[in-house]
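Labels below follow one simple rule: chain letters A, B, ... track the order of the sequence lines, proteins then strands, and each chain is numbered from 1. No hydrogens, no waters, no symmetry mates; every other heavy atom, side chains included, goes into these values.
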There are 4 protein chains.
Amino acid sequence: MPRTPNPALRSERSRQAILDAARALISELGYAKVSIEAIAARAGVGKQTIYRWWPSKGAVIFDAFLALSDQGDGMALPDTGDLEADLKTVMRATVAEFADPAFEAPVRAFNLEIIADPALTAQYREKLAAPVDEAKKDRLRSAQQAGQLPLDTDLDLFLEFLYAPLYQRWLLSTGPLTPEYADALVDITLQAFRP
Amino acid sequence: MPRTPNPALRSERSRQAILDAARALISELGYAKVSIEAIAARAGVGKQTIYRWWPSKGAVIFDAFLALSDQGDGMALPDTGDLEADLKTVMRATVAEFADPAFEAPVRAFNLEIIADPALTAQYREKLAAPVDEAKKDRLRSAQQAGQLPLDTDLDLFLEFLYAPLYQRWLLSTGPLTPEYADALVDITLQAFRP
Amino acid sequence: MPRTPNPALRSERSRQAILDAARALISELGYAKVSIEAIAARAGVGKQTIYRWWPSKGAVIFDAFLALSDQGDGMALPDTGDLEADLKTVMRATVAEFADPAFEAPVRAFNLEIIADPALTAQYREKLAAPVDEAKKDRLRSAQQAGQLPLDTDLDLFLEFLYAPLYQRWLLSTGPLTPEYADALVDITLQAFRP
Amino acid sequence: MPRTPNPALRSERSRQAILDAARALISELGYAKVSIEAIAARAGVGKQTIYRWWPSKGAVIFDAFLALSDQGDGMALPDTGDLEADLKTVMRATVAEFADPAFEAPVRAFNLEIIADPALTAQYREKLAAPVDEAKKDRLRSAQQAGQLPLDTDLDLFLEFLYAPLYQRWLLSTGPLTPEYADALVDITLQAFRP
DNA sequence: CGTTAAACGAGACGGTACGTCTGGTCTTTCC
DNA sequence: GGAAAGACCAGACGTACCGTCTCGTTTAACG
């Protein structure tokens with residue numbers, strides 16, 4: 001009988017050590033070369049402690065990054081009243097983040113995980129993407145109220161056009177990630193959804 | 001000394017058998033479960049024959065798909081004189097292709113390969129994406145001549161807006177892939193680049 | 001770090017299965033054709049379990065035979081008071097054993113192992129040959145007490161003369177292994193060490 | 001069809017190069033580490049040229065040593081009229097040869113080959129051992145004529161007793177190989193076959 | 001506060017696949 | 001057509017991890 005473990009007795013110290021070790025190893029070695037064996041050794045933890053609480057390597061890595069992002073709960077976008085300016089501020093920051101080499105290895109690992117495993121894809125949408133997207137849509141709704149965006153705009157589609165080109169360019173290295181590019185994304189998207 | 005092999009003596013029969021086996025196994029098992037060992041066995045080939053000519057499993061899989069796409073050299077887009085109609089034709093076909101479940105496993109494997117390995121990313125851009133993009137840009141230039149697209153349009157950016165939302169939606173399963181979606185992509189992109 | 005395994009956690013079941021499989025394969029295939037891979041498969045054991053506890057194929061085979069011989073601890077020679085008769089009894093038995101075809105393959109394998117690897121040669125002398133020789137010398141000392149062998153006889157040399165011709169004849173197939181040959185070895189050796 | 005090669009067209013230059021390379025590699029690496037691959041490379045010869053003319057690695061090594069020994073045809077033993085003295089001369093030389101470290105690796109390789117392969121055992125007896133033994137027996141027959149050895153002595157058995165202890169001691173490193181040992185072998189053997 | 005149940009660290013286990021190496025065969029190119 | 005060169009199929013090598021399974025040893029809730 002594969003007894004289900006009792007979460008109340010779970011060791012927080014071990015959980016933290018495992019997630020820390022996972023993050024450290026991803027940064028050092030890249031995704032493909034990280035093994036559960038190595039995570040356990042680095043965390044000073046038995047392998048079974050990992051298998052007890054996570055179903056796969058992907059899930060561990062996913063949680064390691066999820067935990068990182070959790071800290072920022074109040075993720076509301078700036079709202080100065082000027083949609084274009086606010087979006088450019090956000091997109092310039094986002095582009096800069098993607099252009100950071102230190103960001104590269106771990107976030108690429110995270111994305112590979114999500115793309116490869118449908119279960120994680122769903123978890124990603126629900127736990128990470130959805131709240132963030134909701135915050136973005138709040139800002140867009142505010143703009144709709146202010147008459148800066150048509151009321152019938154499909155906000156999901158709007159966000160897809162705003163972010164997908166950047167995501168694809170980063171994933172496939174098909175072009176430079178510059179502030180000008182960030183501005184262009186905003187300009188073109190706003191033009192696309194103009195009445 | 002790790003002697004470099006002599007391509008003149010390479011066995012074409014073995015090369016084909018390996019690429020065929022790789023394609024078959026990817027379709028049957030998915031990318032993660034395919035091993036070089038299995039490819040060699042299926043192809044009736046010694047493992048060394050694979051290691052002699054390819055540096056990694058990713059490279060084999062990449063070549064297997066590259067060879068498939070090579071067949072279509074004359075990949076010009078339709079040109080009826082009506083850009084919007086032609087783009088909708090093409091995008092509806094593309095969307096349908098991505099929505100095909102049989103397309104899913106192998107193409108996802110191929111994309112993971114490309115995203116995970118920078119060397120393959122570069123190879124992908126040069127050998128696969130570039131020619132295809134050039135064909136698309138030819139159609140767009142024709143539209144510029146016809147006055148259906150501004151002459152100063154950044155064609156790479158245009159294609160990014162046209163395709164990236166679809167690519168992201170497919171990769172992360174963030175929405176349905178329907179003919180209406182294909183039409184919307186064309187409509188919005190054309191609107192985005194209107195003068 | 002090449003961690004040293006903890007013998008306390010060693011699986012006796014696996015150890016036995018490996019030694020049994022080694023013996024069986026040697027008998028069936030002969031030494032040269034036995035691989036660690038085959039031993040592991042036959043024993044239903046992971047290869048690493050062999051590599052964890054033995055440094056080489058030779059060491060496994062050596063242990064397999066060592067374990068066989070261990071069972072006879074009380075290996076005292078017969079002592080009827082008549083040295084010649086007792087030696088002929090023993091040598092006839094030994095010659096018969098060497099003449100047995102079932103004995104051939106495994107024991108030849110074992111001897112090749114010992115002859116080829118100085119480390120195993122030493123282990124053989126200490127763990128197998130020495131105790132057996134000591135038992136033989138006990139019988140000879142008893143004969144010395146009984147006045148059937150000079151007190152200053154070099155017992156090691158005596159045993160060398162008694163056994164080496166048989167060993168060489170078996171190794172190189174230079175003559176028949178018959179009871180008469182056994183008797184002749186005893187007669188000639190006793191004559192050689194007569195005062 | 002496995003066409004049999006025509007010996008008349010055989011390249012003597014290649015044959016010599018192969019045997020030389022085999023000898024050199026045995027001396028340098030020991031028997032176990034020598035591969036046909038290495039012999040071919042060292043000899044500047046295609047592997048097929050070896051496989052065309054020899055059935056196995058053992059056969060090549062055997063031939064390599066056979067060719068060495070062939071040169072000494074007139075291998076008569078000294079005959080001063082004093083059997084004991086002549087035998088001690090010969091045995092001291094033989095013991096010294098076996099004690100020579102440079103002799104060790106190649107001759108051990110040669111012996112392993114012979115012991116492991118029955119076909120080579122037979123070839124060894126016929127082509128190498130038999131002529132040498134015949135020369136030794138000629139000396140013993142001369143001693144029989146001179147009344148130094150009984151006329152009914154089994155000469156093969158005599159040689160077995162004289163040489164087997166030395167051979168076994170060398171193979172299994174069970175004792176020192178000294179001139180005193182050589183003398184003892186002669187003394188004891190002569191005593192053994194005294195009337 | 002002692003008992004007890006479960007999580008823990010450690011690590012051996014049966015396995016799979018790795019990437020390398022060698023054996024013996026087959027093919028190509030040259031002489 | 002023999003021989004050098006070397007690619008080929010085959011499969012063993014020894015290593016790295018997989019996910020499972022004991023081991024004792026904490027650790028924390030319960031009695």
Go through it in stages, so that I can follow the logic: the residues are A:E28 and A:R42, the test is salt bridge (Lys or Arg N to Asp or Glu O under 4.0 Å), and I'd like the CA-CA distance, side-chain angles, deciding distance and then a yes or no. CA-CA 12 Å; A:E28 290 171 21; A:R42 167 76 73 110; 2.8 Å; yes

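Summarising the geometry, the separation between CD1 on A:I18 and C1' on E:dA10 is reported as 14 Å, rounded to the nearest angstrom. D:R15 has its CZ atom 13 Å from the P atom of F:dA3, to the nearest Å. When rounded to the nearest whole Å, the span between CZ of B:R42 and P of E:dA17 equals 14 Å. Rounding to whole angstrom units, CD1 of residue B:I39 and C1' of E:dG19 are separated by 14 Å. As a whole-Å value, the separation of A:E12 CD from E:dA7 C1' is 14 Å. Whole-Å rounding puts the D:R52 CZ to F:dA5 P distance at 13 Å. Atom pair C:I50:CD1 and F:dT15:P shows a separation of 13 Å (rounding to whole Å applied). Look at CG on C:N6: it is 13 Å from C1' on E:dG9, rounded to the nearest Å.
A cation-pi arrangement is absent between A:K127 and A:F62, since the terminal nitrogen or guanidinium carbon is not both under 6.0 Å from the aromatic centre and inside a 45° cone about the axis.
Considering only heavy atoms from C-beta on, B:L171 comes within 4.5 Å of A:L171 through its side chain.
For C:S14 and E:dG14, the shortest distance from a side-chain N or O to OP1 or OP2 is below 4.0 Å. Applying the 4.0 Å criterion to OP1 and OP2 of E:dC13, one finds that C:W53 has a side-chain N or O inside that range.
B:K57 contributes a side-chain N or O that, together with a main-chain N or O of B:V34, makes up a donor-acceptor pair within less than 3.5 Å. Between the side chain of A:N111 and the main chain of A:V107, a donor-acceptor pair closer than 3.5 Å is present.
Distances from the side chain of C:P5 to the nucleotides F:dC8, E:dC8, E:dA12 place E:dA12 closest. Residue C:T49 places its side chain closer to E:dG14 than to any other of E:dA12, E:dG14, F:dA7.
The side chain to side chain contact (heavy atoms under 4.5 Å, CB included) test with C:R23 is passed by exactly one of C:I26, C:L19, C:L25: C:L19.
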Quick one: what's the B/S/- string for nucleotides 17-30 of chain F, heavy-atom cutoff under 4.0 Å, read 5' to 3'? BBBBB---------

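Ring geometry for C:F110 against C:F65 counts as parallel: the plane angle stays under 30°, on a 0 to 90° scale with 60° as the upper cut.
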